[in-house]
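Nothing fancy with the numbering, it's 1 onward along the sequence. In each ligand, atom 1 is the first atom listed, and ligand 1 is the first ligand listed.
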Amino acid sequence: MNIDNSARFGTKAIHAGQSPDPSTGAICTPIYQTSTFVQKSPGEIIGEYDYSRAANPTRTALEANLAALEGGKHGLIYSSGVAATGAVLHLLKSGDHVVLCDDVYGGTNRLFHKVFQQLGIEITLVDMTDHDAAKSAMRPNTKLVWIETPTNPTLKVIDIAVMAEIGKRAGAMVCVDNTFCSPYLQNPLALGADIVCHSLTKYIGGHSDAIGGALITSDDEIHKKLKFVQLSEGAVPGIQECFLFLRSTKTLHVRMDRHCENAEKVARHLEAHTKVEKVVYPGLTSHPQHAVAKKQMRGFGGMVTIYLKGGLGESRKMLETVKIFALAESLGGVESLIEHPGIMTHASVPADQRKKLGIADNLVRLSVGIEDVDDLIADLDRAIG
Ligand code: P1T
């Protein structure tokens, strides 16, 4: 499909990277379920493909689609969000330094500290809402600034433009994990980032049925290096997964609108609840970085974090009583999920760091789905009691 750059998000979501199959007219990109491609003579390939670890047509369509949605030049798809994160870290070498957002997904924290720190990568955790702290964390050997915004699970909003400038001035590459927003709500490349990272498992996949990751960049040199690492390491997704993600991006804009609408209603309702101590949602004026969120996000997302009045007992009761919200790790699917980060998604974050960040016993994280919001609110009210 020839769509030009002036096409808007919903048009790109449905058409970018995809055109009807020329031999059959199939409107959907076929699942090229093949590991290899026949050659005419040694080294003389028939089309663009020789082996599916290197590239596959279904994956190529998804890469082009996601690159278009993020306003980037190149996309690469991985077997998971953490595989995509690891691919960026593989651009570094022993002795390089990373400035890492202090509140990130527990698996991201674990990958940086338990895998790459062992290989000689130095890491400084920084509260990136404090720009002076971020500036003073930069060192001559700082090669990467890793931002996640809104952060998981405390939903701090980091000013991407400011942090990108701080990182660039220090000569570092800047990567933003945009999983919580999806490209529909926020485009970090336009705000100065070099790379955007996604867990496709979340909003982009949207149906809780596939694991995947993506990296998008407009920098040819970075892309070339990432592509080499991907070919060499082989953290590529299955072809069925690529098809599922392509299927899902077509409805991303429609789903995200409903996620935002429902989450805002849930957040406002819980903010007035007598048994809730605090609600964190970037769309509430009570959010400390609400102004930053308004500046860089086109909607406030589907994630809501709450602090219940009480402790672990109250949290457990809520988590065990909900009926529509499912008690499960992950987020971003059409179905609402609820979880306890301290015990579940962020259990691998050291206890003292969890305490410092406010990942407390009474903190409960909601991924608000696209069910009828009145049913969701009634479910939460019943469970909070
Ligand atoms: O699960 P995977 O596709 O590997 O994605 C990892 C990942 C990366 N970045 C962010 C911001 C994430 O939230 C995640 C995964 N998060 C969960 C599973 C969770 O429940 O928070």
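Nearest protein heavy-atom contact of atom 18 (C) of ligand 1 is K202 NZ, 3.0 Å. Atom 14 (C) of ligand 1 has as its closest protein heavy atom Y105 CD2, 3.3 Å. The protein atom (non-hydrogen) at minimum distance from atom 2 (P) of ligand 1 is G81 N, 3.4 Å. In terms of protein heavy-atom proximity, atom 10 (C) of ligand 1 is closest to D177 OD2, 3.4 Å. For atom 5 (O) of ligand 1, the nearest non-hydrogen atom of the protein is S199 OG, 3.0 Å.
For ligand 1, the atoms lying closer than 4.0 Å to a non-hydrogen atom of G212 are 3 (O). Against a heavy-atom cut-off of under 4.0 Å, T201 is close to the following atoms of ligand 1: 2 (P), 3 (O). The distance from ligand 1 to the heavy atoms of N152 drops below 4.0 Å at these ligand atoms: 13 (O), 21 (O). Here is the list of ligand 1 atoms found below 4.0 Å of a heavy atom in E148: 11 (C).
Using cut-offs of 30° and 60° on the angle between ring planes, the pair H290 and F300 is tilted.
Crowding of K168 atom NZ: a count of heavy atoms from other residues, nucleotides or ligands under 6.0 Å exceeding 12.
In this structure, H198 has its ring center no closer than 6.0 Å to that of Y203. Between Y281 and H287, a ring centre-to-centre spacing not shorter than 6.0 Å is recorded.
Using a 4.0 angstrom heavy-atom cutoff, G107 does not count as in contact with ligand 1. For R365, the heavy-atom gap to ligand 1 drops under 4.0 angstrom.
Between L331, V82, T179, T345, it is V82 that holds the heavy atom closest to atom 4 (O) of ligand 1.
Checked for salt-bridge contact, R139 and E122 meet the test: a charged N lies under 4.0 Å from a carboxylate O. Ion pair D352/K355 not flagged as a salt bridge, since none of the NZ, NE, NH1 or NH2 atoms sits closer than 4.0 Å to an Asp/Glu carboxylate oxygen.
A distance of 11.5 Å separates CE in M318 from CG in N362, rounded to the nearest 0.5 Å. The CG atom of L69 lies 8.5 Å from the OG atom of S182; values are rounded to the nearest 0.5 Å.
Heavy atoms of M344 found under 4.0 angstrom from ligand 1: none, in either backbone or side chain.
Connection of Y307 to V157 is not established within any shared hydrophobic cluster, with ILVMFWY side chains joined at heavy-atom distances below 4.5 Å, either directly or through further cluster members.
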